[in-house]
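Just below is one structure, and these are the notes that go with it.
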Protein chains: 2
Amino acid sequence: MSKRHATSRTTACCDLAGILPPRFFKALGDPNRIALLARLAACGRPCGVTEMAACCPIDFSVTSRHLAILRDAGIIHSEKRGKEVHYAVRFQEISTALRAMADALDGCCPSRKTKAKGTTK
Amino acid sequence: MSKRHATSRTTACCDLAGILPPRFFKALGDPNRIALLARLAACGRPCGVTEMAACCPIDFSVTSRHLAILRDAGIIHSEKRGKEVHYAVRFQEISTALRAMADALDGCCPSRKTKAKGTTK
DNA sequence: GTTATACTTGCATAGTGACGCAAATGAGCA
DNA sequence: TGCTCATTTGCGTCACTATGCAAGTATAAC
């Protein structure tokens, strides 16, 4: 964050598309995946696919696929332990990403630009 | 901050599904919609559908539909002015929502729970 | 009233995603 | 080696979504 004048702020605004990755949002756009994520978060520890599948009314294989989609989107993280695969929520990464998006939007907001000079935080 | 002990924090975690609305994410899950949102944000002022459509390689009617989807998801806001419909980004609402999601996730994070007692904010 | 402009909606089509079942893969165990 | 458990992958089906075209609606100008 070195050069930060009017022009750079406009540029940052145009770059909004780069900060908002469709794949991330697409991964979170399914109710079952949100349910899985919530369950995984509530669990408080890495969980296997079998354990996760128990909470959803969908086929076991579908649960596995949903978890893979969430993993590919960088939302959860998988680790192989013996014959099990343990999934865990990437709390830090997601919240950082969400805050970065919020900051980017604040940086674009016309009223913010006029009122305050710097971005929030 | 009235009753906020271990149990309530666990409850907040289970409620994650309520804080992460699929429709919001679904709306942001399309590249063209992200492009439209970025364009609208870069514009810095309310824009009509015709003006927005110029930036996307899709049919005019599709642009209109995409904007409607973004509006129904609470991401943008529409206002009729004469025969034009002006769309504008709801900067404040989105960034607030994103930060709320980030906070909720932080509140669920096991390491945070152990280290710090209160939730962020 | 008629015409032009701005936008929305109906409809058909192609592409994508979610789903369940069954088979395949991989790791531990007898 | 053969067996079992945990998970992934292939495949067909159904549903939803994005898209373009054409028709419809609403508002302003003539």
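This is a predicted model, so every value here is computed, not measured. Quick note: numbers below take in every heavy atom, side chains included, and nothing from hydrogens, waters or symmetry partners. Chain A is the first sequence line, chain B the second, and so forth, proteins listed ahead of strands; every chain is numbered from 1.
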Revision key, fill the gap. Phe60(B) CZ to dG10(C) P, in whole Å, measures 17 Å
Check your understanding: If we only count heavy atoms from C-beta on, is the Met52(A) to Leu37(A) side-chain gap below 4.5 Å?
Key -> no
Study note, to complete from the structure: In whole angstroms, the gap separating P of dT5(C) from CD of Glu51(B) amounts to 17 Å
**Study point:** Residues forming a side-chain contact (heavy atoms from CB on, under 4.5 Å) with Ala53(B), sequence neighbours excluded
**Key:** Phe60(B), Thr63(B)
Check your understanding: Have His86(A) and Glu84(A) got a donor and an acceptor in their side chains that come within less than 3.5 Å?
Key -> yes
Review point. With hydrophobic residues grouped by side-chain heavy-atom distances under 4.5 Å, do Ile19(A) and Leu28(A) end up in a single group?
Key: yes
Identify all pairs in which a protein N or O lies below 3.5 Å from an N or O of nucleotides 25-30 of chain D, and state each distance.
none

Practice item. Let me know the distance between CG of Asp72(B) and P of dT17(D), rounded to the nearest Å. Key: 13 Å
Review point. How is the hydrophobic cluster of Ile69(A) composed, in terms of its other members, when Ile, Leu, Val, Met, Phe, Trp and Tyr link through side-chain heavy atoms under 4.5 Å apart, directly or indirectly?
Key: none
Study note, to complete from the structure: note: Leu67(B), atom CG; dT9(C), atom C1'; distance rounded to Å ~ 15 Å
Review point. Quick one: Leu28(B) CG to dA18(D) P, roughly how many Å, whole number?
Key: 12 Å
Exercise for review: Taking only the side-chain heavy atoms of Ser61(B) (C-beta and beyond), determine which of dC7(C), dA22(C), dG20(D) contains the nearest atom.
Suggested key: dG20(D)
Pairs: protein N or O with nucleotides 16-19 of chain C N or O, under 3.5 Å:
residue	atom	partner	partner atom	Å
dA18(C)	OP1	Arg33(A)	NH1	2.8
dA18(C)	OP1	Arg33(A)	NH2	2.6
dC19(C)	OP1	Asn32(A)	ND2	2.5
dC19(C)	OP2	His66(A)	NE2	2.4

Point to revise | Any residue meeting side-chain hydrogen bond (donor to acceptor under 3.5 Å, both in side chains) with Asp72(A), in chain and number order, not counting sequence neighbours | key: none
Practice item. Could you list the residues that satisfy salt bridge (Lys or Arg N to Asp or Glu O under 4.0 Å) with Arg90(A), not counting sequence neighbours? Key: Glu93(A)
**Study point:** Nearest-Å distance for atom pair CD/P, residues Glu84(A) and dC29(C)
**Key:** 12 Å
Review point. Do Arg81(A) and Pro46(A) come within less than 4.5 Å of each other through their side chains, counting heavy atoms only?
Key: yes
Exercise for review: For dA6(C), take OP1 and OP2 only and decide whether either is under 4.0 Å from a side-chain N or O of Tyr87(B).
Suggested key: no
Practice item. Nearest whole angstrom, please: distance from the C1' of dA6(D) to the NE2 of His86(A). Key: 10 Å
Check your understanding: Do His66(A) and Ile58(A) touch side chain to side chain, with heavy atoms closer than 4.5 Å?
Key -> yes
